[in-house]
Amino acid sequence: MPLSLFKDFERTGAFIARFFYMAAMMSFWFYTPQLMQGDLHFAPLWVGFGFFPMTMVMYIVALKLPELTQKIGNARILHIGMLLTLIGMIIVCFFQNSFGYWWGIGVPMLLIGAGQSMSISPLTVSGVIRTRGEESGAASGLVNAVHQIGGAVGLAFVALVAGNINNQVMRYQVSMITATIFVIIALISSFFLIHSNRMRR
């Protein structure tokens, strides 16, 4: 892997942001089905249907993404997506039994789904931007490696923090608080490295 890939602040920011963003998303995908089955008493099949709102929003936003990118630019799309994800994650941090599925999980999923669609693609663009022909394959591979490693390491850390909490709702809250911190780190790194680098240019 050519270390020259890290010389560009925008690419480095995209790698860091993607690592922490996927750490948060993998934790959300792992712990939310457990909460839906254990606390809301969803059958496994209905847990799958429970993610349908998120899936539909991701699909709709993805269709509009090229048009939005042309209008407001890659960096702004990324920051809006990260902010939407952050708002959704903050909401799930306060989950209580009385909220039920729709207010406790369904509505935040809409925000997280839209945010994810608006974040992943711009992060990919920034991760391979301005690479030379001989570096493009390595840059693309590094984007995928950071994606997978970020999810695995992030989930392992969240499990270390929250895994021994017996109360399921409290375990979910603690895991989502930790995941929300990951999103904040991703947002900060994307702003100060990706946005600032574009401003300098």
Side-chain angles (χ1 to χ4, degrees), residues 13-58 61 78-120 123 144-192:
F15 298 148
I16 295 172
R18 194 183 196 97
F19 180 94
F20 284 100
Y21 190 83
M22 290 312 303
M25 291 300 94
M26 189 64 72
S27 302
F28 176 78
W29 297 331
F30 182 79
Y31 279 103
T32 300
Q34 294 182 36
L35 181 78
M36 291 166 71
Q37 291 185 73
D39 193 71
L40 298 177
H41 308 294
F42 279 32
L45 178 61
W46 285 104
V47 170
F49 284 121
F51 275 82
F52 193 68
M54 184 177 183
T55 305
M56 287 305 299
V57 169
M58 290 175 66
V61 173
L78 173 59
H79 298 142
I80 293 170
M82 292 247 180
L83 284 171
L84 289 174
T85 304
L86 180 60
I87 294 168
M89 293 297 293
I90 289 172
I91 294 173
V92 297
C93 288
F94 294 96
F95 178 86
Q96 297 290 341
N97 294 335
S98 59
F99 292 174
Y101 165 75
W102 279 110
W103 290 113
I105 296 175
V107 171
M109 271 187 180
L110 298 177
L111 296 170
I112 295 170
Q116 185 175 325
S117 283
M118 298 175 75
S119 299
I120 296 298
L123 283 175
N144 288 320
V146 169
H147 187 100
Q148 300 298 331
I149 295 171
V153 172
L155 178 57
F157 183 82
V158 171
L160 180 66
V161 172
N164 292 326
I165 300 174
N166 293 324
N167 182 284
Q168 188 151 29
V169 173
M170 186 178 294
R171 180 168 67 244
Y172 186 72
Q173 291 173 341
V174 172
S175 64
M176 292 302 99
I177 289 170
T178 308
T180 300
I181 294 171
F182 291 155
V183 177
I184 292 172
I185 296 172
L187 178 59
I188 291 172
S189 64
S190 69
F191 184 81
F192 282 103

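The residues of the chain are indexed from 1 along the displayed sequence. Please read these numbers as outputs of a predicted model, since none were measured by experiment.
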Show which side-chain atoms of residues 174-186 pair as donor or acceptor with protein atoms under 3.5 Å away, not counting sequence neighbours.
unit_1, atom_1, unit_2, atom_2, d
Ser175, OG, Arg171, O, 3.1
Ser175, OG, Tyr172, O, 2.8
Thr178, OG1, Val174, O, 2.9
Thr180, OG1, Met176, O, 2.7

CA sep, side-chain torsions, deciding dist, call: Met36, His41, side-chain contact (heavy atoms from CB on, under 4.5 Å): CA-CA 6 Å; Met36 291 166 71; His41 308 294; over 6 Å; no
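- Residue pairs that meet the side chain to side chain donor-acceptor pair (under 3.5 Å) test with at least one member in residues 82-92, sequence neighbours left out, are Tyr21-Thr85.
- Partners of Tyr31 by ring pair (Phe, Tyr, Trp, His ring centres under 6.0 Å), not counting sequence neighbours: none found.
- Nearest heavy atoms, Gln37 versus Pro44: OE1-CG, 3.5 Å.
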Assess whether side-chain contact (heavy atoms from CB on, under 4.5 Å) is satisfied between Met22 and Ile120, documenting all intermediate values. CA-CA 9 Å; Met22 290 312 303; Ile120 296 298; 3.8 Å; yes
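- Closest heavy-atom contact between Ser189 and Gly13: OG-O, 4.1 Å.
- Between Val47 and Leu40 the shortest side-chain heavy-atom distance does not fall below 4.5 Å.
- Asp39 places a side-chain heavy atom less than 4.5 Å from the side chain of Phe95.
- When every heavy atom of Val92 is checked against every heavy atom of Pro108, the shortest pair comes out as CG1-CB, 3.4 Å.
- With sequence neighbours excluded, the residues satisfying side chain to side chain contact (heavy atoms under 4.5 Å, CB included) with Leu84 are Ile80, Leu111, Ala114, Met118.
- Residues satisfying the ring pair (Phe, Tyr, Trp, His ring centres under 6.0 Å) criterion with Trp46, sequence neighbours excluded, are Phe49.
- The two residues Gly81 and Ser119 make their nearest non-hydrogen contact at C-OG, 3.3 Å.
- Partners of Tyr101 according to the ring pair (Phe, Tyr, Trp, His ring centres under 6.0 Å) rule, which considers only residues two or more places apart in sequence or in another chain, are Phe42.
- Under the rule for a side chain to side chain contact (heavy atoms under 4.5 Å, CB included), the partners of Asn167 that lie at least two apart in sequence or sit in another chain are Val169, Met170.
- Under a cut-off of 6.0 angstrom, the local environment of CH2 in Trp29 is crowded, with over 12 non-hydrogen atoms contributed by other residues, nucleotides or ligands.
- Rounding to the nearest 0.5 Å gives a distance of 11.0 Å between CZ of Phe30 and OG1 of Thr32.
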Side-chain atoms of residues 146-155: list all donor-acceptor pairs with protein atoms under 3.5 Å, sequence neighbours left out, distances to 0.1 Å.
unit_1, atom_1, unit_2, atom_2, d
His147, ND1, Arg18, NE, 3.2
His147, ND1, Arg18, NH2, 3.3

Could you check Gln116 against Met82 for side-chain contact (heavy atoms from CB on, under 4.5 Å), going step by step and ending with a plain yes or no? CA-CA 7 Å; Gln116 185 175 325; Met82 292 247 180; over 6 Å; no
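- Side-chain N or O atoms of Gln173 include none that pairs as donor or acceptor with a backbone N or O of Gln96 at under 3.5 Å.
- Phe94 is linked by a ring pair (Phe, Tyr, Trp, His ring centres under 6.0 Å) to nothing, counting only residues two or more places apart in sequence or in another chain.
- Here the straight-line distance linking atom CZ of Phe99 with atom CD1 of Ile105 works out to 11.5 Å at 0.5 Å rounding.
- Side-chain contact check for Phe51 versus Pro33: some heavy-atom pair is nearer than 4.5 Å.
- For the pair Phe28 and Met54, the tightest heavy-atom approach, listed with the atom from each and the gap, is CE2-SD, 4.0 Å.
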